[in-house]
Every structure is written in C-alpha cells, then in structure tokens.
Amino acid sequence: MELSHTMETEELMTCLQIQLYHPQQASKALYRLLPLDARHKHPAEDPLRLGRDAHGCTFALADPRVSRKQLALQAYLTANSPDMLFSVQNLSQKGHVMVNGSELGYLERAELPNKALVRFGEYEVLICRENGEAKGSFEVEFGVLAVPPSREVGMPSMVPVMDTGSDHSTNAIPPLMSHGPIEMDDTIMYQSCSMFLS
C-alpha cells in the first residue's frame, strides 16, 4: 500500500472512492486506522479486504462489531469493456452484506455498478468508481459522510445486522427485499457522490 502520485504523463488510474457512514462515528474513533482523504495505489490482482483485522485486511475499521474479514473488493476486466470493473464479496460467516438492497451470504459475490450502496452492521458505504486507463493497479480513497447515503438516495433504512452470532435465518427475506427489488436512480446517486466528494 503506497501513496499514489499520479503524473500527467502516466496512465490515469481507476479510482474507487469509498465514503463511510456510521451513526456513532462522531463519538467513536472507528476510522482511525483508515487513510482518510488520500489516494492509495493498490495492485489490481490483489483483493482489497476490509474488516477489523489490521493484519489480515488491506484496510481496517477500529470496531469490535465488524467481522475480522468483512468484505473484499476485487478488480477484473472483461472482453466487452475497456474499463476496470469490480466485484464485492462477503467474507463474514455471521455478518450480512447488502449491495444496493440485495443481500450477499457468506462468500457470495456481486458485481459493483459505477455507484453502489454497500451496507453491513450499522455501516453505510457509498462506493463510486472513476474510470481510468491503467490495468495493473487502481487507486482507493476513503472519506467520511456526515449523513447516511441511503437517506440521500431515497432507500429505506436497514435494520442493522450485527456480527454477534444472533439468530438471523439465512432463508428469511431481507428487510429491503420484502416488497420487491429496489431500483436505484443513477442521477440521484451520481449527485450524491458528487456532493459528498466535493
């Protein structure tokens, strides 16, 4: 993990802007282990892992309620697109991960669109992708949101799913999916990303 200094003569790197929100972030130092507001270069072949284990994860949250390894972001390429794309995988056996309202079980993976709302526990994470030309690596930049991104994009609030071993049946219908799939408005999501990242 190194601080990125992209020069104009180099290829522009894809950047994942990861904006976090937690209702207790003002009173707890949940993000003290994260390199906030600075772009870091990451090799494209390595999954970017997020969890509470600072040794087993690329980036760590200082929160005992987060799984040791919570989720992974993996870059990939396809023959149909020149852009670097990303998937998200749930690495937690007890905690659930929601991606734009769809729940991922343990080791399940989902493609990330250009803008995605990822939720686990009480965290809401807005991930926006800025496309670049470089294929060997990408950049990641963490920031903190003052308000829940779900409120800005009009999604209902989620009942927190804590990694405490509490009994949440994997066959139960997730709260966000009980009334059918939720559609995201890309315009609203784009405006939210722009507003939070400016």
Side-chain angles (χ1 to χ4, degrees), residues 1-6 13-43 46-75 86-101 104 110 112-130 137-153 155 157-164 189-198:
M1 177 173 57
E2 63 185 75
L3 188 60
S4 172
H5 300 286
T6 306
M13 283 190 277
T14 297
C15 181
L16 281 185
Q17 296 172 329
I18 302 175
Q19 302 292 306
L20 300 116
Y21 172 82
H22 188 283
Q24 297 176 5
Q25 65 193 20
S27 60
K28 296 186 177 183
L30 302 173
Y31 311 134
R32 70 176 184 268
L33 302 176
L34 292 177
L36 297 175
D37 303 318
R39 291 192 175 198
H40 288 266
K41 187 176 176 181
H42 189 77
D46 293 339
L48 189 155
R49 294 182 183 88
L50 181 67
R52 75 170 188 267
D53 183 355
H55 299 290
C57 293
T58 318
F59 298 103
L61 292 166
D63 187 343
R65 293 176 298 176
V66 170
S67 290
R68 203 170 50 81
K69 292 180 182 176
Q70 185 71 52
L71 59 85
L73 301 172
Q74 178 68 60
F86 292 87
S87 65
V88 59
Q89 183 179 32
N90 180 6
L91 300 179
S92 174
Q93 294 188 45
K94 296 178 182 177
H96 299 277
V97 173
M98 306 287 285
V99 181
N100 287 347
L104 296 180
L112 280 181
N114 287 346
K115 301 154 203 76
L117 181 59
V118 177
R119 300 194 276 190
F120 56 91
E122 293 184 87
Y123 289 87
E124 293 190 15
V125 184
L126 186 64
I127 302 176
C128 300
R129 186 183 80 223
E130 289 181 2
S137 58
F138 63 93
E139 293 176 317
V140 61
E141 181 178 13
F142 286 93
V144 179
L145 299 175
V147 296
S150 60
R151 183 186 305 167
E152 296 299 316
V153 299
M155 291 186 75
S157 59
M158 179 181 73
V159 176
V161 181
M162 299 297 174
D163 188 14
T164 59
M189 184 68 96
Y190 176 76
Q191 290 171 346
S192 295
C193 280
S194 300
M195 179 179 65
F196 289 131
L197 301 176
S198 58

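Not measured: the values here are computed from a predicted model.
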Consider side-chain contact (heavy atoms from CB on, under 4.5 Å). Of Ile18, Thr58, Leu73, Ile127, which one does Val140 pass it with?
Ile18

Quick check: Phe59 with Phe142 (ring centres under 6.0 Å apart)?
yes

Output the distance between atom [atom1] ([X]) and atom [atom2] ([Y]), rounded to the nearest 0.5 Å.
X	Y	atom1	atom2	result
Leu30	Tyr21	CG	OH	11.0 Å
His42	Thr14	NE2	OG1	13.0 Å
Arg39	Phe138	CZ	CZ	12.5 Å
Gln89	Arg49	CD	CZ	8.5 Å
Gln70	His96	CD	NE2	10.5 Å
Lys41	Met13	NZ	CE	5.0 Å

Partner set under side-chain hydrogen bond (donor to acceptor under 3.5 Å, both in side chains) for Arg129, not counting sequence neighbours
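Partners of Arg129 by the side-chain hydrogen bond (donor to acceptor under 3.5 Å, both in side chains) criterion, ordered by chain and then number, come out as Asn114, Asn131.
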
Nearest atoms (heavy-atom pairs only) where [X] meets [Y]:
X	Y	result
Leu50	Cys57	C-SG, 3.8 Å
Ala62	Arg32	CB-NH1, 3.4 Å
Leu33	Ala60	CB-O, 3.5 Å

Side-chain donor/acceptor of [X] to backbone N/O of [Y], under 3.5 Å:
X	Y	answer
Asn90	Leu71	no
Arg52	Val66	yes
Gln25	Leu145	yes

Do [X] and [Y] have side chains that approach each other closer than 4.5 Å (heavy atoms only, starting at C-beta)?
X	Y	result
Leu117	Arg119	yes
Pro149	Gln19	no
Ser92	Val97	no

Between Leu91 and Ser67, does a side-chain contact (heavy atoms from CB on, under 4.5 Å) hold up when you go through it step by step?
CA-CA 8 Å; Leu91 300 179; Ser67 290; over 6 Å; no

Carefully, step by step, assess Leu61 and Phe120 under the rule side-chain contact (heavy atoms from CB on, under 4.5 Å).
CA-CA 12 Å; Leu61 292 166; Phe120 56 91; 4.0 Å; yes

With side-chain hydrogen bond (donor to acceptor under 3.5 Å, both in side chains) as the criterion, how do Glu130 and Gln17 come out once you've worked through the C-alpha distance, each side chain's angles and the decisive distance to 0.1 Å?
CA-CA 8 Å; Glu130 289 181 2; Gln17 296 172 329; 2.7 Å; yes

Tell me, please, which residues at least two apart from Asp53 pass salt bridge (Lys or Arg N to Asp or Glu O under 4.0 Å).
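Only Arg68 meet the salt bridge (Lys or Arg N to Asp or Glu O under 4.0 Å) criterion with Asp53.
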
Applying side-chain contact (heavy atoms from CB on, under 4.5 Å) to Lys28 and His22, what does each step give before you reach the verdict?
CA-CA 10 Å; Lys28 296 186 177 183; His22 188 283; 5.9 Å; no

